[in-house]
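Note sheet for the following structure.
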Amino acid sequence: MPASPRKSRPVGPGRPKDLEKRAAILAAAKRLFPARGFDGVSMDAIAAEAGVSKLTVYSHFRDKEALFAAAVREKCLEQVPEEVFVTAPKGPIRDALGTIAQHFFALVSSDEAMGLQRMILAESGAETRMGKLFWDAGPARILASFERFLHEAVAAGKLEIPDVEEAAGHFLCLLKGEVNMRMIFGPDAPKHCASDERHVASVVDMFLRAYAPRGE
């Protein structure tokens, strides 16, 4: 009886060890870029922080820009996963908006996000390359997902919004606004709310006063 053919092992990225190394590289990038800035981080430093070789880093990410974009995308997906943008809200729209607001606020007020924004502000005077990388990898995805959520909420009769794109920008900017001021002026800048929870709730209330269906 002829021997049965041996099953070939999977090769290339996708094996458990490859996934573990990729995760370690991204974790290192998420720590180092906010702390040191884009120009202050080398691929050697990422490799050392992740406990892998530089060749391994390049096998997963073609260059430092690709790694930076992936780190931003990963951080945003961790704190604002696609699952929060429910396609057809079944419960009260206030609850769905509140969930999105809490996740987004936690992201923009995190140390990593603030570090990345400081980096972008510091480096944007010389060129816009890093700002575009940051925007495309993180904020643009969140904004597009929230716009889709609002379009579907309008179609379901949960909201009345004449300009969804404008309303989406208003909502996210209201959530972020005071965080940005504290980032620029420092932790001693005055706060108008006693807690982050009250700030998030006040933004949701304002949004619903503007866009809740009339008569509700």
Side-chain angles (χ1 to χ4, degrees), residues 30 34 69-118 120-121 124 128 131-185 187 189-216:
K30 285 183 287 184
V72 172
R73 190 180 305 112
E74 182 89 358
K75 177 64 179 177
C76 289
L77 283 169
E78 281 177 5
Q79 296 208 243
V80 190
E82 281 297 318
E83 291 75 29
V84 305
F85 300 104
V86 288
T87 55
K90 296 180 180 180
I93 191 65
R94 179 184 296 275
D95 293 348
L97 286 169
T99 297
I100 293 169
Q102 289 163 8
H103 280 270
F104 181 74
F105 184 79
L107 170 65
V108 298
S109 60
S110 68
D111 290 341
E112 295 90 343
M114 287 191 175
L116 286 172
Q117 289 181 68
R118 289 190 192 99
I120 298 300
L121 288 171
S124 62
T128 60
K132 187 176 188 318
L133 273 176
F134 177 78
W135 172 261
D136 290 344
R141 192 274 304 179
I142 293 172
L143 182 60
S145 295
F146 187 50
E147 288 174 0
R148 185 184 68 246
F149 165 87
L150 292 181
H151 276 297
E152 292 169 351
V154 169
K158 299 281 188 177
L159 295 169
E160 292 178 358
I161 304 176
D163 188 331
V164 163
E165 286 70 26
E166 184 177 58
H170 287 169
F171 185 75
L172 299 180
C173 285
L174 282 170
L175 286 166
K176 183 180 177 182
E178 192 170 345
V179 172
N180 258 2
M181 286 192 289
R182 295 206 301 271
M183 178 188 74
I184 293 169
F185 297 115
K191 295 177 65 176
H192 79 273
C193 274
S195 70
D196 292 341
E197 290 77 14
R198 284 181 58 186
H199 168 64
V200 168
S202 72
V203 171
V204 172
D205 285 342
M206 183 180 296
F207 192 81
L208 287 175
R209 284 199 296 271
Y211 299 119
R214 298 297 175 257
E216 291 193 5

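Heavy-atom basis, side chains included; hydrogens, waters and symmetry copies ignored. Counting from 1, the numbers follow the sequence of the chain as shown.
- When all heavy atoms are compared, the tightest approach of Phe171 to Leu97 is CZ-O, 3.9 Å.
- In plain terms, the two heavy atoms of Pro213 and Gly157 that are nearest each other are CG-O, 3.5 Å.
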- Could you walk me through whether Glu152 and Lys158 pass the salt bridge (charged side-chain N to carboxylate O under 4.0 Å, His left out) test, one step at a time? CA-CA 9 Å; Glu152 292 169 351; Lys158 299 281 188 177; over 6 Å; no
Please table the atom pairs, donor to acceptor, closer than 3.5 Å between any side-chain atom in residues 71-78 and protein atoms at least two apart or in another chain.
{"residue": "Lys75", "atom": "NZ", "partner": "Gln79", "partner atom": "OE1", "Å": "2.8"}
{"residue": "Lys75", "atom": "NZ", "partner": "Glu112", "partner atom": "OE1", "Å": "3.4"}
{"residue": "Glu78", "atom": "OE2", "partner": "Lys30", "partner atom": "NZ", "Å": "2.3"}

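- Considering every non-hydrogen atom in both Ala168 and Glu147, the closest pair reads CB-CG, 3.6 Å.
- Contact record, Ala69 with Leu133: CB-CD2, 4.4 Å, taken as the closest heavy-atom pair.
- Atom CD of Glu197 is separated from atom CZ of Phe105 by 8.5 Å, given to the nearest 0.5 angstrom.
- Going from atom CZ of Phe104 over to atom NZ of Lys176 covers 6.0 Å, rounded to the nearest 0.5 Å.
- With rounding to the nearest 0.5 angstrom, the CZ atom of Arg148 is 11.5 Å from the CG atom of Leu143.
- The backbone N or O of Ile142 sits nowhere less than 3.5 Å from a side-chain atom of Ser145 that would complete a donor-acceptor pair.
- Shown here are the ring-ring contact (aromatic ring centres under 6.0 Å, His included) partners of Tyr211, two or more places apart in sequence or in another chain: Phe207.
- Annotation: the span from Phe146 atom CZ to Phe85 atom CZ amounts to 7.5 Å, rounded to 0.5 Å.
- Residues Arg209 and Asp205 are not paired through a salt bridge, judged by the lack of any N-O separation under 4.0 Å between the basic side chain and the carboxylate.
- Of all non-hydrogen atoms in Pro162 and Glu160, the two that sit nearest each other are CD-O, 4.0 Å.
- Atoms CG and CG, from Leu159 and Leu150 in turn, are 6.5 Å apart once rounded to the nearest 0.5 Å.
- Counting only residues at least two apart or in different chains, side-chain hydrogen bond (donor to acceptor under 3.5 Å, both in side chains) contacts with residues 161-175 comprise His151-Glu165.
- Looking at heavy atoms from C-beta onward, Val84 lies in side-chain contact with Val80 at the 4.5 angstrom threshold.
- Rounded to the nearest 0.5 Å, atoms CG (Leu175) and CD1 (Ile100) are 10.0 Å apart.
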